[in-house]
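Working notes, beginning with the structure itself.
Below, all heavy atoms of this structure are taken into account, side chains as well, without hydrogens, waters or symmetry copies.
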Amino acid sequence: MEIERKYLINRLPDRLEDYPHSEIEQGYLNRQPVLRIRRRDDEYIFTYKGSGLMVRREEEFPLDEASYLHLREKIDGQLIRKTRYRIPLDPYTIELDVFHGALAPLILAEVEFPTVEDANAFVPPDWFGADVTMDGRYHNSYLSRLVSK
């Protein structure tokens, strides 16, 4: 089960380049349920996500590069490209996504939680903007439809 809150960003944190980061590209084969393929650096992943906004089922399965490239040709909508920074915020990790291409200059932060109670009690840092957790327009599966391939 994935329990996650999502935020727009008012300003980037200082020294962003000092945090670990990955280059990600991902595409969607289906949206109900969500079937996603992702390349994160040199790792390839197939993901199933159930319905929901803050809480939903998520399962990941490894892919090899050839399978990823084959499925990438079948995505619906655009391939999303972004840099993901992992920023510690004890006891959590902020995943800060800086989108590239047609979705730039969008920047979103996601924080995952062990429980719904923890998610509801979370107080974001001052550089976070609006909480868009319950706004489906900020799901990557929706964003991938905004501009065609």
Side-chain angles (χ1 to χ4, degrees), residues 1-61 63 68 71-72 75-149:
M1 194 64 61
E2 176 185 62
I3 303 167
E4 177 179 83
R5 289 183 63 186
K6 188 175 293 209
Y7 299 85
L8 293 173
I9 296 302
N10 283 336
R11 64 178 167 77
L12 292 174
D14 294 334
R15 302 175 54 118
L16 181 62
E17 66 280 355
D18 291 347
Y19 294 106
H21 61 278
S22 298
E23 297 304 318
I24 293 175
E25 67 176 25
Q26 63 191 42
Y28 293 84
L29 302 167
N30 197 55
R31 289 184 177 82
Q32 289 294 329
V34 171
L35 301 177
R36 178 187 73 201
I37 57 166
R38 173 183 277 174
R39 179 188 58 79
R40 180 176 52 224
D41 297 327
D42 294 323
E43 180 183 20
Y44 304 92
I45 305 158
F46 176 84
T47 304
Y48 162 87
K49 289 188 176 210
S51 62
L53 295 170
M54 186 171 75
V55 179
R56 61 187 181 161
R57 182 176 168 197
E58 179 182 78
E59 296 182 43
E60 293 186 335
F61 307 93
L63 283 175
Y68 173 81
L71 291 170
R72 188 174 72 178
I75 65 169
D76 182 23
Q78 71 172 319
L79 188 67
I80 291 177
R81 290 184 171 88
K82 59 189 177 181
T83 302
R84 173 168 285 173
Y85 296 88
R86 290 174 304 285
I87 303 169
L89 182 67
D90 191 38
Y92 308 114
T93 298
I94 298 166
E95 293 181 335
L96 182 72
D97 289 342
V98 178
F99 289 82
H100 306 298
L103 292 174
L106 180 63
I107 302 172
L108 292 171
E110 299 176 348
V111 182
E112 289 192 28
F113 301 92
T115 69
V116 171
E117 293 77 19
D118 290 332
N120 288 330
F122 179 69
V123 177
D126 65 358
W127 51 274
F128 277 32
D131 182 339
V132 294
T133 303
M134 300 307 198
D135 188 339
R137 295 175 300 169
Y138 291 97
H139 279 212
N140 285 270
S141 59
Y142 178 85
L143 294 171
S144 72
R145 294 185 291 187
L146 295 179
V147 178
S148 61
K149 290 191 236 184

What orientation do Phe122 and Tyr92 show, parallel under 30°, tilted 30 to 60°, or perpendicular over 60°? perpendicular
Looking at Asp76 and Leu29, would you say the former's side chain and the latter's main chain have a donor-acceptor pair under 3.5 Å? no
Keeping the roles fixed (side chain from Asp131, backbone from Tyr7), state whether a donor-acceptor pair exists under 3.5 Å. no
Who passes side-chain hydrogen bond (donor to acceptor under 3.5 Å, both in side chains) against Asp14, sequence neighbours left out? none
I'd like to know if the side chain of Thr83 pairs up with that of Glu23 as donor and acceptor (distance under 3.5 Å, no hydrogens or angles considered). yes
Is Lys6 paired with Asp135 through a side-chain N to carboxylate O contact shorter than 4.0 Å? no
Is Arg84 salt-bridged to Glu110, going by a charged N under 4.0 Å from an acidic O? yes
Is Leu12 close to Tyr85 at the side-chain level, that is, under 4.5 Å between some pair of heavy atoms? no
For Tyr142 against Arg137, the heavy-atom pair lying closest together: CD2-O, 3.2 Å
Short side-chain to backbone donor-acceptor contact, Arg31 and Ser141, under 3.5 Å: yes
Quiz: residues 52-61 side-chain donor-acceptor pairs under 3.5 angstrom, not counting sequence neighbours:
from: Arg57; atom 1: NE; to: Glu59; atom 2: OE2; distance (Å): 2.6
from: Arg57; atom 1: NH2; to: Glu59; atom 2: OE2; distance (Å): 2.2
from: Glu58; atom 1: OE2; to: Lys49; atom 2: NZ; distance (Å): 3.1

Output for pair (Glu112 CD, Asp118 CG), nearest 0.5 Å, gives 12.5 Å
Check whether any side-chain N or O of Arg86 sits under 3.5 Å from a backbone N or O of Pro88 as a donor-acceptor pair, and report yes or no. no
Surrounding CG of Asp42 (heavy atoms of other residues, nucleotides or ligands, distance under 6.0 Å), is the total greater than 12? no
